[in-house]
Amino acid sequence: MNAHDDLADVDAVVANARVAQQAYEAGGSQQRYDRASQAAAWAIMEPARNRELAELSVTTTGLGNVPDKITKNHRKTLGLMRDIADVKTFGVISNNAKTGITEIARPIGVIGAVVPSTNPAATPANNIINALKCGNAIVLSPSPKGVPACVALLAYIHAEFDKIGEDKTLVQMIPGKGSKEKTQRLLEISDMIVVTGSQNNVRRAYTSGTPALAVGAGNVTVIIDETADLDAAAEKITASKTFDNATSCSSENAIVVVDDVYDVFVAALAKAGGALAKDEAQIVSKLWPDGHLNRSVIGQDADKMLAALGMTNEVPSDTRFLAVETTGIGPEYPLSGEKLSRVAALYHAADFEDAMSLTAKILAHQGAGHSVGLHSTDDGRALALGRALPTCRVIVNQAHCFATGGAFNNGMPFSLSMGCGSWGGNSIDDNLHWKHFMQTTKIIREIPAREPSVEDIFAGYWADVGA
């Protein structure tokens with residue numbers, strides 16, 4: 001099959017999706033939209049299928065681990081279903097007598113979704129559920145290694161659709177192996193595109209000419225100050241850093257510790273499984289042997305990671321991740337960037353102000369807009385970070401990768417895609433969620449005039465500076 005045929009296949013899939021979406025909308029109801037999203041959710045949450053998808057994801061991509069994939073598939077989907085359970089996405093959703101405005105929920109149409117290899121089941125399921133909840137059809141473009149998991153996920157969704165009599169062409173994927181050309185065509189002909197993954201795909205999304213929801217790079221930095229509960233911080237960081245073998249964009253990549261508690265925290269970290277490594281040059285040479293991240297380290301279990309870095313006999317046998325002491329920040333210091341592995345950079349800070357300054361420099365290098373973490377009992381410091389740093393989220397005293405994308409014990413919406421605002425070159429600063437998959441039509445009626453006088457507006461200004 002030639003390139004022209006490949007693109008024609010994409011055109012046909014999108015055309016079929018558009019027909020299905022129009023019928024879905026024309027015959028829509030809140031009950032129908034809710035039932036379709038429930039069917040998609042159960043397709044991944046049913047325990048046997050969840051395990052099969054987790055095993056397939058790890059086997060085909062070589063990234064992450066099965067138990068954590070199972071947890072992610074379950075909790076991310078359950079949390080999303082909690083978030084959307086009572087949300088109105090069909091028909092009149094608000095009627096304000098004071099403003100005279102009635103809002104009607106409207107679908108966007110056909111959503112094109114680019115799927116990363118790090119989460120080849122959980123991320124597409126999240127996008128599919130949101131799309132269906134809001135009356136859309138969706139076409140996936142998985143990474144080449146993620147194709148088998150997407151194929152299996154869609155088969156499970158279609159099986160659930162058969163039970164409820166729903167049109168299976170509402171949820172499709174680009175046929176065959178993934179390619180840049182086919183993904184580009186999907187970006188260009190969809191009604192809206194959602195991109196989670198490589199920054200190359202994000203840039204292509206924003207230049208495709210199609211409205212885009214694409215997210216920035218993660219490179220989470222977390223600060224430990226002198227007021228922190230050090231044992232709790234060490235345990236939370238270790239749990240987060242090692243979850244799914246650090247494949248999450250919300251996994252801690254740099255830990256900045258104030259000097260007053262540095263040694264005590266390092267001891268707490270060691271007790272939790274985070275071993276201190278002082279030979280930065282050795283780690284860098286093994287982690288980036290040819291200028292690119294070592295695939296024998298990315299997303300791997302601790303034993304494989306340590307073996308690939310030549311550290312098996314250098315650290316305790318119960319080591320779960322490495323904290324590598326460093327001082328450098330910027331392109332010439334790769335440890336200051338995202339590592340997608342059980343390796344974190346560890347920085348000294350003289351005090352909290354110095355820690356904030358170091359964090360700002362790290363974000364300026366990579367990860368601006370995404371999120372930072374703070375372990376502290378001084379809430380004023382969280383506010384200080386929120387006012388000063390280029391970040392959309394300050395995660396306080398939590399395991400970062402569990403908290404950033406929504407948790408049952410915080411108020412963030414459940415998502416696997418975090419918008420990074422203008423700092424990260426993104427159109428959104430929120431977690432990608434259902435609101436982004438819906439638009440509204442507004443009925444505007446005449447109301448009694450509310451026109452102020454010029455004096456009403458400027459009296460205070462004139463009193464201060466003159467007319």
Side-chain angles (χ1 to χ4, degrees), residues 118 197-203 215-224 237 241 245-259 262 265-266 269 274-300 305-306 308-311 314-315 321-373 385 388-391 400 420-426:
T118 49
S198 74
Q199 289 309 289
N200 180 52
N201 281 338
V202 169
R203 286 190 289 271
V215 299
N219 185 31
V220 169
T221 302
V222 58
I223 295 172
I224 315 296
I237 289 170
K241 181 61 183 171
N245 293 348
T247 55
S248 169
C249 64
S250 297
S251 176
E252 289 88 342
N253 273 282
I255 307 169
V256 181
V257 188
V258 300
D259 282 337
Y262 186 89
F265 175 73
V266 167
L269 203 61
L276 181 65
K278 295 190 175 184
D279 192 342
E280 178 182 357
Q282 176 187 344
I283 301 298
V284 170
S285 67
K286 296 285 189 178
L287 193 49
W288 291 273
D290 57 359
H292 299 90
L293 276 169
N294 185 344
R295 293 190 177 276
S296 298
V297 180
I298 297 174
Q300 299 303 307
M305 178 269 296
L306 292 171
L309 295 178
M311 293 292 293
E314 306 296 322
V315 295
F321 82 97
L322 292 179
V324 186
E325 284 190 326
T326 185
T327 58
I329 299 171
E332 296 179 358
Y333 304 95
L335 275 175
S336 63
E338 193 170 32
K339 293 167 279 294
L340 291 173
S341 62
R342 292 174 177 243
V343 178
L346 183 64
Y347 293 87
H348 279 270
D351 52 26
F352 177 74
E353 292 299 321
D354 187 35
M356 189 159 61
S357 176
L358 283 169
T359 300
K361 291 175 183 177
I362 293 170
L363 295 182
H365 166 51
Q366 189 181 103
H370 193 287
S371 52
V372 299
L385 294 176
L389 295 182
T391 188
H400 206 282
C420 300
S422 63
W423 298 298
N426 295 171

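Nothing fancy with the numbering, it's 1 onward along the sequence. Worth knowing before you read on, the calculation uses all heavy atoms, side chains too, and leaves out hydrogens, waters and symmetry mates.
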Return the minimal non-hydrogen interatomic distance between Trp423 and Ala368, and the atom names on each side. O-CB, 3.6 Å

Tell me which one of Ile223, Thr327, Ile329 satisfies side chain to side chain contact (heavy atoms under 4.5 Å, CB included) with Leu358. Ile329

Please report the shortest heavy-atom distance between Thr391 and Ser371, naming the atom on each side. OG1-CA, 3.1 Å

Search all heavy atoms of Tyr333 against all heavy atoms of Ser336 and return the closest pair with its distance. O-OG, 2.7 Å

For Asn426 and Gly424, indicate whether the former's side chain and the latter's backbone hold a donor-acceptor pair under 3.5 Å. yes

Tell me, with the steps shown, if Leu385 and Phe352 meet side-chain contact (heavy atoms from CB on, under 4.5 Å). CA-CA 10 Å; Leu385 294 176; Phe352 177 74; 4.0 Å; yes

Can you confirm whether Val222 sits close enough to Ile237 that some side-chain heavy atom of one is under 4.5 Å from a side-chain heavy atom of the other? yes

Residue among Glu314, Arg342, Met311 satisfying side chain to side chain contact (heavy atoms under 4.5 Å, CB included) with Leu306: Met311

Shortest non-hydrogen contact from Val220 toward Ser251: CB-O, 3.6 Å

Given 3.5 Å as the limit, does a donor-acceptor pair link the side chain of Gln300 with the main chain of Ser341, or not? no

Is any side-chain heavy atom of Phe265 less than 4.5 Å from a side-chain heavy atom of Ile255? yes

So, taking the atom named CD in Glu280 and the one named OG1 in Thr326, what distance separates them when rounded to the nearest 0.5 Å? 3.0 Å

Value rounded to 0.5 Å, distance of CD1 in Ile224 from CG in Leu269: 8.5 Å

Does the pair Cys249 and Glu338 meet the rule for a side-chain contact (heavy atoms from CB on, under 4.5 Å), with working shown? CA-CA 8 Å; Cys249 64; Glu338 193 170 32; 4.3 Å; yes

Applying side-chain contact (heavy atoms from CB on, under 4.5 Å) to Val343 and Met305, what does each step give before you reach the verdict? CA-CA 9 Å; Val343 178; Met305 178 269 296; 4.2 Å; yes

Heavy-atom pair of closest approach, residues Asn219 and Gly337: OD1-C, 3.1 Å

Between Ala349 and Asp354, which heavy-atom pair has the shortest distance, and what is it? CA-OD2, 3.3 Å

Short question: side chain of Asn294, backbone of Trp288 - any donor-acceptor pair under 3.5 Å? no

Rounded to the nearest 0.5 Å, how far apart are CE of Met356 and CG of Asp351? 9.5 Å

Between atom CG of Leu335 and atom CG of Asn253, what is the distance when rounded to the nearest 0.5 Å? 10.0 Å

Verdict with reasoning, Tyr347 to Thr359, per side-chain contact (heavy atoms from CB on, under 4.5 Å): CA-CA 10 Å; Tyr347 293 87; Thr359 300; over 6 Å; no

With rounding to the nearest 0.5 Å, note down the distance linking CG in Asp279 to CG in Leu309. 11.0 Å

I'd like to know if the side chain of His400 reaches the main chain of Ser250, judged simply by a donor and an acceptor atom lying under 3.5 Å from each other, with no hydrogens or angles considered. yes

For the atom pair OG (Ser357) and CG (Leu389), what is the distance rounded to the nearest 0.5 Å? 9.5 Å

Atom OH of Tyr262: over 12 foreign heavy atoms under 6.0 Å: yes

